[in-house]
Amino acid sequence: VQGFVCAVKSPNSNLVANISYGTSTTLLQIAHHIIKLTNSGHIEKLPADPIYPTRGALDITVARTLLGYQPQYNILQGLEAYDNFYRSTSTVSGMQN
């Protein structure tokens with residue numbers, strides 16, 4: 001959301017900018033983190049699809065320099081914040097963890 005706010009408030013228009021944390025995180029790292037947060041689940045790693053591209057981090061230089069964007073959360077921190085929020089809601093607060 002912070003990145004979108006920076007874009008809307010920016011005098012720069014028709015600009016293409018990556019809004020991310022600027023570092024890469026694999027799906028496997030995310031899956032391990034979710035299992036750690038939830039204390040449940042398992043991972044079944046299948047062979048990589050040969051036509052799926054290998055990707056790294058997105059370059060956020062344009063967002064930083066032209067929009068003033070400074071990311072505050074990486075994906076793992078965002079998952080933790082969401083998990084804490086979700087567990088604090090009245091819908092799930094009475095559930096056993």
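No hydrogens, no waters, no symmetry mates; every other heavy atom, side chains included, goes into these values.
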Inset, instruction - Determine the minimum heavy-atom distance between Val62 and Ala17, stating which atoms define it. - result: CG1-CB, 3.8 Å
Legend entry - Residues, nucleotides or ligands: over 12 heavy atoms within 6.0 Å of Asp49 CG: yes
Legend entry - Side chain Asn18, main chain Leu58, donor-acceptor under 3.5 Å: no
Inset, instruction - Evaluate whether atom CD1 of Ile51 has more than 12 neighbouring non-hydrogen atoms of other residues, nucleotides or ligands under 6.0 angstrom away. - result: no
Inset, instruction - Locate the shortest heavy-atom distance separating Leu67 from Cys6; write the atom from each residue and the value. - result: O-CB, 3.5 Å
Legend entry - Nearest non-hydrogen partners of Ala31 and Ile43, listed with the distance: CB-CD1, 3.7 Å
Inset, instruction - Say whether, by atom type as modelled, one donor and one acceptor occur between the side chain of Tyr73 and the main chain of Tyr21 under 3.5 angstrom. - result: no
Legend entry - salt bridge (Lys or Arg N to Asp or Glu O under 4.0 Å) partners of Asp83, counting only residues at least two apart: Arg87
Legend entry - Between Thr61 and Asp59: side-chain donor-acceptor atoms closer than 3.5 Å: yes
Inset, instruction - Check for a donor-acceptor pair, side chain of Gln2 on one end and backbone N or O of Gln70 on the other, with a separation under 3.5 Å. - result: yes
Legend entry - Contact summary for Pro71 and Ile60, nearest pair of heavy atoms: CG-CD1, 3.9 Å
Inset, instruction - Tell me whether Leu28 is reachable from Ile35 by hopping between hydrophobic residues (I, L, V, M, F, W, Y) whose side-chain heavy atoms are closer than 4.5 Å. - result: yes
Legend entry - Option among Ile75, Leu79, Asn74 that satisfies the side-chain contact (heavy atoms from CB on, under 4.5 Å) test with Gln77: Asn74
Legend entry - ILVMFWY cluster, Ile34 and Tyr82 together (side-chain gap under 4.5 Å): no
Legend entry - Single-linkage hydrophobic cluster, 4.5 Å side-chain cutoff, Ile19 and Leu15 together: yes
Legend entry - Taking every non-hydrogen atom, the tightest pair across Gly56 and Ser24: C-CB, 3.7 Å
